[in-house]
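Below is one structure; the comments refer to it alone.
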Amino acid sequence: MRLILLGAPGAGKGTVAKMLTAIDGSVQISTGDILRAAVKEGTDLGKKAEAAMKAGDLVSDDLIMGIMEARLQQDDCKAGFLLDGFPRTIPQAEALKGLLGRLGIELDAAVNLNVPREVILDRLTTRRTCVDCGAIYNVKSAPTKVEGVCDKCGGKVVQRDDETEEAISNRLEVYNAKTAPLVDFYRGEGMLLDVNAESSETVVAAIRQHIGH
Ligand code: AMP
């Protein structure tokens with residue numbers, strides 16, 4: 001399947017993407033994960049992205065399109081892909097449309113994960129992430145077996161730098177101003193699937209029904 005996953009930070013895009021990859025071998029492409037890896041490795045890309053990320057601001061559209069243009073042409077994307085955290089602005093959505101047109105790729109849908117703000121805030125403040133494999137935990141609802149250690153790879157599980165209260169509130173404002181308009185954009189393209197995303201299982205079921213997988 002080829003999907004865009006839309007939704008506020010903490011709406012569950014990463015969790016849903018990981019569940020979907022297990023169904024048909026599609027790859028999860030998370031621009032946030034790609035950028036965090038670049039910051040950790042100290043690459044040029046990481047240096048350019050680090051300050052914006054830490055503050056909860058967006059990285060420039062040019063930088064993101066450079067990453068995605070290369071990523072979408074890698075071989076593993078032939079099995080399908082789930083775009084998690086991209087596009088995040090109207091210029092990115094327009095550029096993606098042009099890129100997919102040039103590559104001859106059609107998307108199945110843009111799925112909007114709707115979650116009430118209180119749930120988002122609670123999820124983000126209690127979320128923990130593995131710095132090595134990106135696995136997602138929650139101190140309340142899905143803790144690691146050993147505190148601070150990833151069940152899957154043994155990596156260190158931490159609260160992300162951009163999950164302080166200040167950065168979270170900025171990320172939600174940035175989402176409302178820059179990313180929420182994509183819902184109307186994809187509705188206009190006839191591609192939108194709007195789902196109630198309080199439970200990730202329900203989202204996966206709604207997507208499978210919609211695209212017939
Ligand atoms: P995420 O893990 O998707 O919440 O992304 C973490 C951070 O990476 C965001 O707060 C942005 O600073 C940056 N980022 C990720 N994806 C994008 C994107 N498509 N456009 C701009 N910035 C992005």
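In each ligand, atom 1 is the first atom listed, and ligand 1 is the first ligand listed.
Between the side chains of Asp151 and Thr144, not a single donor N or O lies within less than 3.5 Å of an accepting N or O. For Asn114 and Asn196, the side-chain atoms include no donor-acceptor pair closer than 3.5 Å.
The shortest N/O to N/O separation between Val59 and ligand 1 falls below 3.5 Å. Residue Asp84 places no N or O, backbone or side chain, under 3.5 Å from any N or O of ligand 1. Between Arg36 and ligand 1, a contact under 3.5 Å exists for at least one N or O pair.
Close approach of ligand 1 to Thr31 (heavy-atom distance below 4.0 Å) involves ligand atoms 15 (C), 16 (N), 17 (C), 19 (N). Of all the atoms in ligand 1, the ones that sit under 4.0 Å from a non-hydrogen atom of Gly85 are 16 (N), 17 (C), 18 (C), 19 (N). Atoms of ligand 1 found under 4.0 Å from any heavy atom of Arg171, numbered from 1 in the order shown, are 4 (O). Applying the 4.0 Å criterion to heavy atoms of Leu58 picks out, from ligand 1, the atoms 21 (C), 22 (N).
The backbone N or O of Gly85 lies less than 3.5 Å from a partner atom in the side chain of Thr31, making a donor-acceptor pair. No donor-acceptor pair closer than 3.5 Å links the side chain of Asn112 to the backbone N or O of Leu192. With Arg171 contributing its side chain and Asp162 its backbone, the two residues share a donor-acceptor pair below 3.5 Å. Proximity of a side-chain donor or acceptor of Ser141 to a complementary backbone N or O of Asn138 within less than 3.5 Å is not detected.
With a 4.0 Å heavy-atom cut-off, ligand 1 is reached by the side chain of Ile64 but not by its N, CA, C or O. In Met65, neither the side chain nor the backbone holds a heavy atom less than 4.0 Å from any atom of ligand 1. Contacts with ligand 1 closer than 4.0 Å are made by no heavy atom of Thr89, backbone or side chain. Contact annotation: for Leu35 versus ligand 1, heavy atoms closer than 4.0 Å belong to the side chain alone. Contacts between Gln92 and ligand 1 below 4.0 angstrom, taking non-hydrogen atoms only, involve the side chain exclusively.
From the protein, the heavy atom lying nearest to atom 9 (C) of ligand 1 is Arg88 NH2, 3.7 Å. When only non-hydrogen protein atoms are considered, atom 11 (C) of ligand 1 lies nearest to Asp57 O, 3.4 Å.
Between Glu50 and Arg36 no salt bridge is recorded (no basic side-chain N to carboxylate O distance below 4.0 Å).
Taking the ring axis of Tyr137 as reference, the NZ or CZ atom of Lys152 stays within 45° of it and closer than 6.0 Å to the ring centre.
Remark: Leu99 CG to Glu69 CD distance equals 5.0 Å, nearest 0.5 Å.
At least one side-chain heavy atom of Pro9 sits less than 4.5 Å from a side-chain heavy atom of Leu124.
The shortest heavy-atom distance from Arg160 to ligand 1 is under 4.0 Å.
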